[in-house]
J.: 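Let me begin by handing over the structure; questions about it come next.
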Amino acid sequence: MREKTDEQGFVIDDTSIAPGVVETIISLAAAEVPGVAGIGAAGPLSSILSNFSAGKALPTAGIKLNIGEDQRAAVEVTIQVYYGYRLAEVADNVRRAIAEAVSAQIGPEVSSVDIYVDELKFEGHDL
């Protein structure tokens with residue numbers, strides 16, 4: 001399997017994959033982890049945007065993806081976590097889920113997944 005990047009995304013075995021597709025895979029993997037309340041930075045703007053896009057699109061604003069010269073993926077994700085969950089445990093589970101999803105669905109090995117917890121949320125309450 002040959003992998004490379006171009007200006008429009010990633011090319012794997014002569015198939016071009018748009019960066020938005022990869023970000024969606026990462027967002028889905030992170031969102032499925034228990035304790036994750038949201039993807040992306042918290043704040044008034046993100047709350048407004050999530051209300052307009054509720055049920056329509058997955059948030060990808062808090063995701064950064066870089067493919068190095070060694071063809072390994074480095075991922076950075078900002079998440080929000082529900083109060084009551086162990087932050088380190090949620091971060092480890094998100095890290096593992098993202099690495100497995102990217103490797104299984106796209107192909108490149110994941111060199112690192114950096115998790116940034118931006119906010120604690122209370123289930124059932126908007127603060």
J.: Using the rule given for side-chain contact (heavy atoms from CB on, under 4.5 Å), can you reason through L120 versus L87, listing the C-alpha separation, both sets of side-chain angles and the distance that settles it, and then say yes or no?
T.: CA-CA 9 Å; L120 286 177; L87 299 179; 3.8 Å; yes
J.: Are any side-chain N or O atoms of S27 and backbone N or O atoms of E23, one a donor and one an acceptor, separated by less than 3.5 Å?
T.: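 No: the side chain of S27 does not pair with the backbone of E23.
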J.: I98 pairs by side-chain contact (heavy atoms from CB on, under 4.5 Å) with which of I25, V110, I63, V77?
T.: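 Result for side-chain contact (heavy atoms from CB on, under 4.5 Å) with I98: V77.
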J.: Do you know which two heavy atoms are closest between L65 and A73, and how far apart they sit?
T.: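 Closest pair (atom of L65, atom of A73, distance): CD1-CB, 4.0 Å.
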J.: A side-chain contact here means heavy atoms from C-beta on lying under 4.5 Å apart; do I79 and V90 qualify?
T.: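 In short, these two side chains touch, coming nearer than 4.5 Å.
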J.: Can you pull the salt bridge (charged side-chain N to carboxylate O under 4.0 Å, His left out) pairs that have at least one residue in residues 94-105, sequence neighbours excluded?
T.: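 Matches after skipping sequence neighbours: D92-R95.
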J.: Which heavy atom of A30 sits nearest a heavy atom of V94, and at what distance?
T.: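 In terms of heavy atoms, the two residues are closest at CB-CG1, 4.0 Å.
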J.: Could you tell me the separation between the CD1 atom of I26 and the CD atom of Q105, rounded to the nearest 0.5 Å?
T.: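 Reported value, rounded in 0.5 Å steps: 10.5 Å.
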J.: Examine Y83 and V36 and state if one hydrophobic cluster contains both, with Ile, Leu, Val, Met, Phe, Trp and Tyr joined whenever side-chain heavy atoms are less than 4.5 Å apart.
T.: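 In one cluster: yes.
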J.: Treating Ile, Leu, Val, Met, Phe, Trp and Tyr as nodes and any side-chain heavy-atom pair under 4.5 angstrom as an edge, say whether I39 and V21 lie in one connected cluster.
T.: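 Result: yes, single cluster for both.
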J.: Identify the two heavy atoms, one from Y85 and one from P34, that lie closest to each other, and give their separation to 0.1 Å.
T.: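 In terms of heavy atoms, the two residues are closest at CE2-C, 3.9 Å.
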J.: With no hydrogens and no angle check, is any side-chain donor or acceptor of Q80 less than 3.5 Å from a backbone partner on D118?
T.: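 No: the side chain of Q80 does not pair with the backbone of D118.
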